[in-house]
Amino acid sequence: MNLLALTCRVLAERSANDQPLSQRALARALDVSVGKANQLVRQAAAAGHVDPAGLSLTASGWEHLERFRVDNAIVLAAGFGSRAVPLTYETPKGLLKVHGEAMLERQLRQLREAGIKDLIVVVGYLKEQFEYLIDKFGVKLVFNPEYAVKNNLASLHLVRDQLRSSYVLMADNWMKANPFHAWEPDTWLSGVYFNGPTEEWAVKLGPRGLVKKISIGGADTWALMGPAHFTPEFSARFVPLLEQAYARPGTANWYFEHVIKENLAELPFYLLKQSGDQMREFEDLAELRAFDLSYQDQTNNAVMASIAAALGVTQAQVTDIAPLKNGLTNSSFSFTAAGGRYVYRRPQEAANAWIDRAAEAQAYAALAPLGVTDELVWLDQATGQRITRFWPGARSLEQALAAAGPGPAPAADAVAPVSDQATAREAEPGRPGKPEGPGRPGKPEGSGRPADRAAGPTPAARAWPEELARAIAVLRQTHQSGVVLSARLDPVANLERLAGLADAKRAMLFSDHAEVLALVREAARVLTPEDWAAVPAHGDFTASNVLLTAEGEVKLIDWELAGMGDPLADLASFALAARFAPAEAESLVELYLGRPPSGRERARLYAWSAVIALVNTLWAEYRQALGEQLGEYPLVTYRAAKDYARLGLAH
């Protein structure tokens, strides 16, 4: 580290505060021995920077120090903060208060007190809540449109032209004492020592804290946490490497520290050691509660208040919160309260405009005797909030299929794939998971059994993983149960409803969307209710909505879209979500029927696939028109809608 410049900085700051300084105090400030402090004073005096008699800076010393003045601070505040749910449903994580002061406000105040006036805040999620900071602290807000689909590497890339002598901070850090200065001669990243194992980024140190190695995870080690400072020279080397990483496929989940880790030889830096008392990073509500007792029973959060009221407990009794999946229509988390473990479902506000919550409640009540659904504890039909029981040790069918590998290979004469994008998507903290849902239930329309009964597995069906075969058996059992639901599952009607919503918002940005809508309508003409007996259909049957319990049971969860409908619509929904090729989708139908599908059944499968894919596209585009980002999802579903519509018409 540049100890000569740091010596000048200590003297300058003591002079500004009119505080006398002994060499012993200088040694403590620099974290060196008294002998080393004396040596530094002599070196500074020899360079003409310090008057050794009064331990004060000379004009030359001030001039030398100005070479290291900090230009700006960049605060990364775009992310959702998924581990801090439900607090972050309503408030960006950096704006959560700790001891009465928002974490981001505290850092901005500390920066201004250090003389840093050029403050840049990169925002994304709930961006409007940051606007007041322009008036209060004079910040410049920069919006990151990729906040929902990429990690903070994208945020820093967005403002890379501002990197000079720059502080780089996370909005959700809390520092007890002000760690910032007007002058910084070195590049450093902050770190905290962890006793025992940690999943943080562990570092191996060389002389004077120069970082020699970075590894993700470690034990009894220093690890990266907190703000960083880049010198102009470091920034000049870092920016091209940042640009290369941003452009490289597979880096959507990267933090900016990944660039440093991969290029440590070109990007050397020091570790600025912080104590655990000085530097804090609150991952979730439990950590906030441990530090700020005001969070124990009053979180000022509507979701926590709803849960407490629904279960008859205090907010302090709602503990062990863990985020679960984010879908296209809702997000959820598990928690402990009243001696049990539960799952809370938070619907997207826009979803309540087309999902019938009364029909959802009726579906749970009607299907409960079958024992195949998640156990409903509470449902607010006005808002769509829901609490169900949690199954410890359960895993989703999606996880089971990922572990089992691909399904049966298509035959040599199989239909060509819908697209070449049938690979698994990346899972990232805070980004949307696999979007859900083919449509809203409508009105009831009869009941009965599936038109085609199962007659036992075929060789093709037996090629599927055993877990999938069990899930399909439970779906078939539910379809054949004779249960009557109050709503009608009608994705075609929902297609028209969502087309109107999307048109009103000018949400569909695909240039040929009118032609594709007409194409799918034409393909859907084959879907005549006379071809099937309406069954209690799930409406969103996907691998992520099937749980395999520790006791070996199969549970079909999330019945918000259920209604009486065609059983093949559920199979089409599953195949689309899994990105199956048409031959795989047909094999799934064979697994369900116990025989190969007829030509008419294949045509219905293709038509439902086209309709549901376009419904999902319309809903995704509508959500994006409201400001959310769903990444590649609408591209994939739109292509599937086109391909399946053409395939259906060809048959």
Side-chain angles (χ1 to χ4, degrees), residues 1-6 8-9 65-78 104 107-108 110-112 114-122 139-140 142 144 151-173 175 178-192 201 203 205-206 208-214 222-246 251 254-274 279 281:
M1 300 186 82
N2 190 336
L3 291 176
L4 183 61
L6 292 175
C8 292
R9 187 179 76 183
L65 193 57
E66 279 302 305
R67 296 169 49 198
F68 308 109
R69 180 169 289 278
V70 176
D71 293 307
N72 56 30
I74 297 170
V75 186
L76 306 181
L104 175 54
Q107 293 186 85
L108 294 174
Q110 291 172 329
L111 286 162
R112 287 185 64 86
I116 314 301
K117 299 295 193 291
D118 187 2
L119 305 173
I120 302 160
V121 181
V122 184
V139 306
K140 291 180 280 190
V142 178
N144 175 11
N151 222 317
N152 73 23
L153 178 141
S155 286
L156 195 55
H157 179 268
L158 186 64
V159 292
R160 64 193 182 281
D161 60 327
Q162 299 297 313
L163 283 170
R164 297 185 291 277
S165 177
S166 302
Y167 284 119
V168 179
L169 304 86
M170 302 298 108
D172 57 353
N173 287 156
M175 278 83 72
N178 192 338
F180 305 115
H181 303 273
W183 307 276
E184 288 285 1
D186 301 295
T187 292
W188 49 260
L189 276 68
S190 296
V192 174
W201 289 40
V203 295
L205 302 179
R208 296 298 304 169
L210 187 68
V211 173
K212 295 295 188 183
K213 183 181 179 181
I214 304 174
W222 287 96
L224 301 179
M225 180 181 293
H229 175 261
F230 294 180
T231 63
E233 297 77 17
F234 182 92
S235 294
R237 295 191 301 271
F238 175 79
V239 167
L241 297 171
L242 174 69
E243 292 173 335
Q244 292 173 22
Y246 176 83
T251 59
W254 274 27
Y255 300 98
F256 75 84
E257 290 93 340
H258 276 94
V259 178
I260 299 174
K261 179 178 180 292
E262 278 211 343
N263 301 278
L264 193 55
E266 299 172 69
L267 299 172
F269 70 95
Y270 293 95
L271 186 77
L272 185 65
K273 295 179 179 179
Q274 307 273 9
M279 169 64 59
E281 183 177 275

Of the non-hydrogen atoms in [X] and [Y], which two are nearest, and what is the gap between them?
{"X": "S165", "Y": "F68", "value": "OG-O, 4.4 Å"}
{"X": "Q274", "Y": "M279", "value": "CB-CB, 3.8 Å"}
{"X": "N178", "Y": "Q110", "value": "ND2-O, 2.8 Å"}

For the [atom1] atom of [X] and the [atom2] atom of [Y], what is their distance to the nearest 0.5 Å?
{"X": "Y167", "Y": "H229", "atom1": "OH", "atom2": "NE2", "value": "6.0 Å"}
{"X": "T231", "Y": "L163", "atom1": "OG1", "atom2": "CG", "value": "11.0 Å"}
{"X": "F269", "Y": "I214", "atom1": "CZ", "atom2": "CD1", "value": "4.0 Å"}
{"X": "M225", "Y": "L189", "atom1": "CE", "atom2": "CG", "value": "12.5 Å"}

Residues in side chain to side chain donor-acceptor pair (under 3.5 Å) contact with E243, at least two apart in sequence or another chain |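 If we apply the side chain to side chain donor-acceptor pair (under 3.5 Å) test to E243, skipping adjacent residues, the hits are R160.
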Taking side chain to side chain donor-acceptor pair (under 3.5 Å) as the test, write out the residues that go with N263, two or more places apart.
-> none
Where does the angle between the aromatic ring planes of F230 and F234 fall among parallel (under 30°), tilted (30 to 60°) and perpendicular (over 60°)?
->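 Ring orientation of F230 relative to F234: tilted.
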Considering residues, nucleotides and ligands other than K117, do more than 12 of their heavy atoms fall under 6.0 Å from its NZ?
->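 Counting neighbours around NZ of K117, more than 12 heavy atoms of other residues, nucleotides or ligands fall under 6.0 Å, so yes.
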Do S166 and N72 have side-chain N/O donor and acceptor atoms under 3.5 Å apart?
->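 Judged by distance alone, the side chains do pair up.
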Check whether any side-chain heavy atom of [X] lies under 4.5 Å from a side-chain heavy atom of [Y], and answer yes or no.
{"X": "L205", "Y": "V211", "answer": "yes"}
{"X": "L272", "Y": "D186", "answer": "no"}
{"X": "P268", "Y": "R237", "answer": "yes"}
{"X": "Q162", "Y": "D71", "answer": "no"}
{"X": "E66", "Y": "W183", "answer": "yes"}
{"X": "V75", "Y": "L119", "answer": "no"}
{"X": "R112", "Y": "F180", "answer": "no"}
{"X": "N152", "Y": "Y255", "answer": "yes"}

Hey, do the aromatic rings of W201 and H258 have their centres closer than 6.0 Å?
-> yes
ring-ring contact (aromatic ring centres under 6.0 Å, His included) with H157: which residues, sequence neighbours excluded?
->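 Listed in chain order: Y246.
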